[in-house]
Amino acid sequence: LGDKKLEGSILNNMGLVYSELSQFDKARESYRKYLAIARELKMHREEAIALMNTGLVCFKQGKQDDALGYFKQSLAIAEAEGYEQVATYTLSNMGAALNKKGEYARGLESFQKSVQLADKIGDAKIEGNFEYRFNVIRILNAALFVDAGNIWLRKPYTSYPGGEFIFSKFMGQMAIGAGMGFRLDFN
């Protein structure tokens, strides 16, 4: 094709389709070629994705030990390079493979790490709350409230276009919610 990066992206997409069609040998071959391009071009994120996707093919084939080997390689690259989103998905996939092997405690630990990392991906947070509470009648209290805030990314991620924090734009990106609530107070 001449454009190696584009070729790699197409090979990754072909691997996804072959995997969905249960044509696992073709899927693995597509990912093998994608991995070779990623390594040649020193595209570490794509390398980690190719390894993770190859692991998913192994997972679908019931080859959990092979899957875990690919997931571990993917995770090592994702963590070393700071690709938190790839690490999150890889940890979740590792949890599923460990679960299939009957290693429930390790699988659960992997899922928990994935959730913790997913919570960290949005790493700049601004939030505020205003609440006015008042008594309506003897045991019935009410509250009017307004909440505002948002969560942004420290750096751009292709999966979340426009998600990074830009000072000149943040006020227009704030979410605002308002409401009223009631509470019975039997004290």
Side-chain angles (χ1 to χ4, degrees), residues 4-13 15-16 19-20 27-28 30-60 64-101 103-128 147-175:
K4 287 284 198 180
K5 190 172 182 179
L6 176 61
E7 184 179 349
S9 179
I10 292 167
L11 286 164
N12 183 52
N13 290 335
L16 293 170
S19 183
E20 287 300 314
R28 286 178 72 142
S30 292
Y31 292 138
R32 186 192 64 73
K33 291 177 180 176
Y34 176 44
L35 179 60
I37 290 171
R39 285 179 172 162
E40 176 187 340
L41 300 179
K42 297 185 182 354
M43 298 186 313
H44 301 296
R45 180 179 177 278
E46 288 74 11
E47 181 181 1
I49 290 170
L51 290 163
M52 179 182 62
N53 287 344
T54 303
L56 285 170
V57 171
C58 295
F59 176 84
K60 287 183 176 184
Q64 305 316 322
D65 288 328
D66 291 347
L68 286 167
Y70 285 108
F71 294 151
K72 287 175 184 175
Q73 291 178 66
S74 174
L75 184 61
I77 294 166
E79 288 179 338
E81 298 294 327
Y83 301 123
E84 294 162 335
Q85 185 181 26
V86 177
T88 299
Y89 288 125
T90 302
L91 282 163
S92 180
N93 292 327
M94 287 176 77
L98 289 163
N99 183 53
K100 282 281 188 189
K101 287 185 64 172
E103 296 183 31
Y104 304 114
R106 287 183 59 212
L108 187 58
E109 181 183 332
S110 189
F111 284 129
Q112 289 169 337
K113 287 179 182 177
S114 179
V115 168
Q116 289 170 349
L117 194 53
D119 285 343
K120 185 181 158 193
I121 288 175
D123 44 20
K125 182 193 294 188
I126 297 175
E127 62 183 348
D147 297 320
N150 203 347
I151 299 174
W152 294 269
L153 303 167
R154 197 177 23 175
K155 55 188 175 187
Y157 282 94
T158 56
S159 299
Y160 302 107
E164 68 274 7
F165 182 82
I166 299 171
F167 184 77
S168 63
K169 295 183 179 182
F170 89 94
M171 283 303 290
Q173 296 173 332
M174 296 286 280

Separation of L11 CG from L6 CG (nearest 0.5 Å):
9.5 Å

Got a sec, which residues hit side chain to side chain donor-acceptor pair (under 3.5 Å) with K101, two or more places apart in sequence or on another chain?
D65, E103

Check whether any side-chain N or O of Y31 sits under 3.5 Å from a backbone N or O of L16 as a donor-acceptor pair, and report yes or no.
yes

Spatial distance of atom CD (Q85) from atom OG1 (T88) [nearest 0.5 Å]
7.5 Å

Taking all heavy atoms of L117 and all of A87, pick out the closest pair and write down the distance.
CD2-CB, 3.4 Å

Step through the shown structure and confirm whether more than 12 heavy atoms of other residues, nucleotides or ligands are within 6.0 Å of CD on E127.
no

Got V57 and T54 here, is their nearest side-chain heavy-atom distance under 4.5 Å?
no

The side chain to side chain donor-acceptor pair (under 3.5 Å) partners of D66 (sequence neighbours excluded) come to none

Please name the pair of heavy atoms, one in A27 and one in S19, separated by the smallest distance, quoted to 0.1 Å.
CB-N, 3.7 Å

Could you tell me which residues satisfy side chain to side chain contact (heavy atoms under 4.5 Å, CB included) with F59, sequence neighbours excluded, listed by chain and number?
Q64, A67, A96, A97, K100

Quick one: list whatever passes salt bridge (Lys or Arg N to Asp or Glu O under 4.0 Å) with K60, sequence neighbours left out.
E20

How long is the gap from CD1 on I49 to CG on L56, to the nearest 0.5 Å?
11.5 Å

Partners meeting side chain to side chain contact (heavy atoms under 4.5 Å, CB included) with S110 (sequence neighbours left out):
L91, M94, L98

Under 3.5 Å: donor-acceptor pair, side chain of T90, backbone of V86:
yes

Ignoring hydrogens and angles, write down the donor-acceptor pairs under 3.5 Å from the side chains of residues 167-175, residues two or more places apart or on other chains.
{"unit_1": "Q173", "atom_1": "OE1", "unit_2": "W152", "atom_2": "NE1", "d": "2.7"}

Return the set of residues passing side chain to side chain contact (heavy atoms under 4.5 Å, CB included) with E40 (not counting sequence neighbours), or none when no residue passes.
K4

Residues at least two apart in sequence or cross-chain that pass side chain to side chain contact (heavy atoms under 4.5 Å, CB included) with E109, listed by chain then number, are K113

If we only count heavy atoms from C-beta on, is the Y34 to I10 side-chain gap below 4.5 Å?
no

Checking N93 side chain against Y89 main chain: does a donor-acceptor pair fall under 3.5 Å?
yes

Restricting to side chain to side chain donor-acceptor pair (under 3.5 Å), what partner residues turn up for N53, sequence neighbours left out?
N12

Report the residue from R45, R39, E46 that forms a side chain to side chain contact (heavy atoms under 4.5 Å, CB included) with M43.
E46

Tell me every residue that passes side chain to side chain donor-acceptor pair (under 3.5 Å) with N150, counting only those two or more places apart in sequence or in another chain.
none

When rounded to the nearest 0.5 angstrom, what is the spacing between CZ in R28 and OH in Y70?
4.5 Å

About how many Å separate CD of Q112 and OG of S92, when rounded to the nearest 0.5 Å?
12.0 Å

